[in-house]
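Contents: one structure, followed by commentary.
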Amino acid sequence: MRKDYPFPYETITLDGLSLSFLSRGGPRIIGLSYKGSANLLAEVPEKVEPTPYGPYYFVGGHRLWAAPEEKPFTYLPDDKGLTLKESANGIDLIGEVNPISGLQKILQIRLLAEGEIELVHLLRNAGPQSFTLAPWALTMLRPGGKAWFPTSTMQANPHGLLPDCRLSLWPYNRWDDPRVRYQPDHLCIDMSVMDAAPGKWGTFNGRGWMAYWLEGILFSKHFSSPVQGTYPDFGCNAETYLCDQFIELESLGPLQSLAPQAEIELKEIWCLQEFEQPIWQNLHVQYFGS
């Protein structure tokens with residue numbers, strides 16, 4: 001973490017793993033390091049989105065949103081009212097009930113052995129009306145590394161006559177984005193290439209993981225097994241967003257009707273490992289085995 005970080009935070013550690021989180025707003029994870037590494041997460045405390053209800057601070061790191069994205073609903077300020085609840089091997093970050101939407105965000109963090117972290121994201125409807133939404137977990141990582149973003153479901157069909165993946169694009173996408181290489185079953189994203197223009201891609205990721213390598217550390221996030229249902233953004237359970245300040249690896253649950261007093265959950269497992277620079281075409285064989 002940079003020394004002049006402007007938001008108050010706390011840090012927990014276990015077996016070489018260090019995780020920092022905001023202590024007053026959020027819930028947000030803002031720091032992640034392994035075996036003494038620098039912070040893997042992006043720090044963007046100056047990035048602010050104005051809303052009719054006050055400024056929304058992106059802060060950096062990891063956050064919980066509700067999809068689909070829309071203004072101002074997605075960007076309602078969350079910089080105060082956090083409650084902390086300690087557990088034996090982690091902490092619960094309990095956001096206040098948003099006075100505009102009635103939604104409450106909760107992030108349960110558990111540090112596991114061998115460089116693993118379990119995250120349970122909860123969206124709770126504490127208001128009087130129902131919503132149709134999906135839980136959406138976004139991790140902002142600092143530039144300089146390389147990302148593996150699987151796109152194929154890896155479910156072969158006879159003679160290759162049927163499609164086996166989908167790819168959603170946004171209005172600002174470029175087919176010739178210099179950071180992105182299109183491979184048969186993944187996008188290889190080189191964040192050592194500096195480019196101020198944004199880019200975003202979404203897919204239905206049947207493998208259930210995404211990965212990012214930076215300065216000798218391989219970070220991967222593994223999300224809940226895909227289930228039947230309707231997913232946001234033309235059927236995406238995984239998305240990535242790029243700019244010159246960070247890359248986001250994002251997982252999404254299916255769209256659900258959230259009645260008053262009900263809650264929905266999205267679970268991730270984060271894995272960190274010291275790892276020499278991988279051969280990106282073979283990362284799934286080298287490390288994940290599929």
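All values below were derived from every heavy atom in this structure, side-chain atoms included, with hydrogens, water molecules and symmetry-related copies excluded.
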* State which residue, out of I94, L119, L93, L122, fulfils the side chain to side chain contact (heavy atoms under 4.5 Å, CB included) condition with Q108. => L122

* **Distance-only polar pair, side chains of T139 and H62, donor-acceptor under 3.5 Å** => yes

* Asked: For N205, does its backbone N or O pair with a side-chain atom of T203 as donor and acceptor, under 3.5 Å?
  -> no

* For S33 and G36, indicate whether the former's side chain and the latter's backbone hold a donor-acceptor pair under 3.5 Å. => no

* Check: E70 main-chain N/O paired with T74 side-chain donor or acceptor under 3.5 Å -> yes

* For atom NZ of K200, decide whether the heavy atoms of other residues, nucleotides or ligands shown that lie under 6.0 angstrom number more than 12. => yes

* Thinking salt bridges, do D233 and R166 make one under a 4.0 Å N-O criterion? -> no

* **E49 and K71 ion-paired at < 4.0 Å** => yes

* To do: Apply the test ring pair (Phe, Tyr, Trp, His ring centres under 6.0 Å) to residues W270 and H222: give CA-CA distance (whole Å), side-chain angles for both, the deciding distance (0.1 Å), then the verdict.
  => CA-CA 6 Å; W270 290 3; H222 306 251; over 10 Å; no

* To do: Determine yes or no for a side-chain-to-main-chain donor-acceptor pair under 3.5 angstrom, with N39 supplying the side chain and I30 the backbone.
  => yes

* Do we see a donor-acceptor contact under 3.5 Å between the side chains of Y34 and Q273? -> no

* **salt_bridge(R24, D78) N-O dist < 4.0 Å** => no

* Are E250 and W136 linked by a side-chain donor-acceptor pair shorter than 3.5 Å? -> yes

* **Whether E43 side chain and R2 backbone form a donor-acceptor pair below 3.5 Å** => yes

* Asked: OH of Y182: more than 12 outside heavy atoms within 6.0 angstrom?
  -> yes

* **Y5 vs P45 side-chain heavy atoms within contact, under 4.5 Å** => yes

* Assign the ring pair F204 / Y231 to parallel, tilted or perpendicular, where the plane angle (0 to 90°) is split at 30° and 60°. => perpendicular

* Asked: Taking 4.0 angstrom as the limit, do K80 and E96 come out as a salt bridge?
  -> no

* Under 6.0 Å between ring centres, would you say that holds for Y56 and F58? -> yes

* Does a side-chain N-to-carboxylate-O contact under 4.0 Å join E263 and R124? -> yes

* If two hydrophobic side chains count as joined below 4.5 Å and joins carry through other members, does M140 share a cluster with F223? -> no

* To do: Side-chain contact test, heavy atoms from C-beta onward, threshold under 4.5 Å: evaluate it for I247 versus R179 and give yes or no.
  => no

* Side chains of K221 and S251: is there a donor and an acceptor less than 3.5 Å apart? -> no

* Asked: Is the distance between the ring centroids of F219 and W213 less than 6.0 Å?
  -> no

* Looking at H121 and A137, what are the two nearest heavy atoms and their distance? -> NE2-CB, 3.5 Å

* I189, L138: one ILVMFWY side-chain cluster at the under-4.5 Å cut-off? -> no

* Asked: Using the ring of each side chain (for Trp, its six-membered ring), is W148 parallel, tilted or perpendicular to W209, with breaks at 30° and 60°?
  -> parallel

* Asked: So, for G90 and R110, which heavy atoms are closest and what is the spacing to 0.1 Å?
  -> C-NH1, 4.2 Å

